J.: 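This is the structure I want to talk about, given as structure tokens.
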2 protein chains.
Amino acid sequence: MSRSRTDSIADDLEEMIFTGQFKDGDRLDEIRLAARFNVSRTPIREALQRLVSSGLAAQMPRRGVFVRQPGPVELLEMFETMAEIEGVCGRLAARRISDTALQDLAAANARCQDAIAARDTDGYYRENQLFHQIIYRQSGNGFLEKEALRLQHRLKPFRRIQLRLRGRMAQSMAEHETIVSALTDGDAGRAADALRDHVAVQGEKFHHLMSHLKSSA
Amino acid sequence: MSRSRTDSIADDLEEMIFTGQFKDGDRLDEIRLAARFNVSRTPIREALQRLVSSGLAAQMPRRGVFVRQPGPVELLEMFETMAEIEGVCGRLAARRISDTALQDLAAANARCQDAIAARDTDGYYRENQLFHQIIYRQSGNGFLEKEALRLQHRLKPFRRIQLRLRGRMAQSMAEHETIVSALTDGDAGRAADALRDHVAVQGEKFHHLMSHLKSSA
DNA sequence: ACGGGATTTTTTGTATGCAAAAAGCTTGAC
DNA sequence: GTCAAGCTTTTTGCATACAAAAAATCCCGT
């Protein structure tokens, strides 16, 4: 599957928005971007359209496209939605999960523990992400899985931050254990609640962190 | 908010896919479409990109974009996902719904009844859709609301069909009453279950109808 | 100096041109 | 008749050209 110029430009622009190189409201100038990427406006415009459809930018006809960083309210809404979606995945997965997947979850959890012991935040993040992706997959619903992956990707830059809170990784691990136990028992309600709470607390931690940073600025 | 040529072309193409004017796997020929819409390839290409990002078509680099009608499995997955999302909306709405919104739901239900009495399937469909949209809104989560609307739109062409089953509209109405009652009581669990079941049954009815049509063909 | 309208410049949206990749066709060996 | 190598045609992806809308600038009357 070859990647067109447009694809990589879209990814680069997304990364730039994620890393805050573009502030909220900035206009994404077609000509300037074309110059920066050494291409014509055409692939730039196609990449911009993608940003718009994924919600990272907004288009105003005849005016241009502007980056649209979510404010605190929208961020909470996104985390709440993610929490609910993950809860749904857990509920379905509790009834459908395979034994090998349960082993995979345990293995991912073990690697999470190792990463904590090694103070390897990146590693923890990666394995934690995998843990959740296994559950999406085990919902047994490919469409739901794709939606969950999309949201997970969208929240990536915000989820990373809350991991830095003291003790958060250890707490997160404990929650993972609860989730695995519920899934092992096939307890749909408990799995849904555990996953929902696990993700919801991420949103709350993030919110605390944000308001703390803001008040200390 | 002015609509560019690309916008209306994208809508037209979507409608054509919805109404089955393009079969699964058909290649959407840029030149042919440009001729049909009396425009150049540029706005066609932009419209096609949108179809791809909304899942109605798939792009194969250097080959073209092909319409991608969901098969029976994916359709069931989409209905299941919709059912779960609506359940989530109901759960949240049970805690957050306003009194005026409860009145709006009752009013929409009344208009649904009128439409049934008048054998007005289109009218019923419209009011039923509104009923659900009120609940999305009352989830109090704008992000979730948009996701729900997106899915509702995507399932539109398939949801219409199952209404034609004898007695389905009346049954649907009864389910609406249950939903409103749960929301009025602020019973989150019951609202979630009622909405989930209400939408899930649509998927099942649709599935029955499909396999019936197929076996009789 | 200030405001408002005309004018210039910039920017978007669309059309067209061009190179490279893929699909389709031709021809010839077996 | 079949298959494959080579050529032709088609189609995509990107670059460039151009028209119209929006923004910026200028000009002038007060």
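Every value quoted in this text rests on a predicted model; they were computed, and no experiment measured them. No hydrogens, no waters, no symmetry mates; every other heavy atom, side chains included, goes into these values. Here is the naming used below: chain letters follow the sequence lines, and residue numbers restart at 1 for every chain.
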J.: Write down the distance between CG (B:L33) and P (D:dT12), rounded to a whole number of angstrom.
T.: 10 Å
J.: Would you kindly give the CD-to-P distance between B:Q49 and D:dT12, to the nearest whole Å?
T.: 14 Å
J.: Applying salt bridge (charged side-chain N to carboxylate O under 4.0 Å, His left out), can you list everything that pairs with A:D99, at least two apart in sequence or on another chain?
T.: none
J.: For the pair B:H132 and B:H198, name the ring-plane relationship: parallel under 30°, tilted 30 to 60°, perpendicular over 60°.
T.: parallel
J.: Going by an N to O cut-off under 4.0 Å, is there a salt bridge joining A:E175 and A:K205?
T.: no
J.: For A:D29, enumerate each residue passing the side chain to side chain contact (heavy atoms under 4.5 Å, CB included) test, keeping only those at least two apart in sequence or located in another chain.
T.: A:R27, A:I31, A:R32
J.: Is the distance from OP1 or OP2 of C:dA15 to the nearest side-chain N or O of B:S40 less than 4.0 Å?
T.: yes
J.: For the pair made of CG in B:L48 and C1' in D:dG13, what is the distance, rounded to whole Å?
T.: 13 Å
J.: Please write out each protein N/O paired with an N/O of nucleotides 8-12 of chain C under 3.5 Å, distance rounded to 0.1 Å.
T.:
from: C:dT11; atom 1: O3'; to: A:R27; atom 2: NH1; distance (Å): 3.4
from: C:dT12; atom 1: OP1; to: A:R27; atom 2: NH1; distance (Å): 2.6
from: C:dT12; atom 1: O2; to: A:R62; atom 2: NH1; distance (Å): 3.0

J.: Between atom CD1 in B:I44 and atom C1' in D:dG13, what is the gap in whole Å?
T.: 16 Å
J.: Look only at the side chain of B:Q202 and the backbone of B:R159, and say whether a donor-acceptor pair between them is shorter than 3.5 Å.
T.: no
J.: Are A:S4 and D:dT12 close enough that a side-chain N or O sits under 4.0 Å from OP1 or OP2?
T.: no
J.: Are B:H207 and B:F158 close enough that their ring centres sit under 6.0 Å apart?
T.: no
J.: Using whole Å, report how far CZ of A:R5 lies from P of D:dA15.
T.: 8 Å
J.: Hey, is the side chain of A:T6 poking within less than 4.0 Å of OP1 or OP2 on D:dG13, counting only N and O atoms?
T.: no
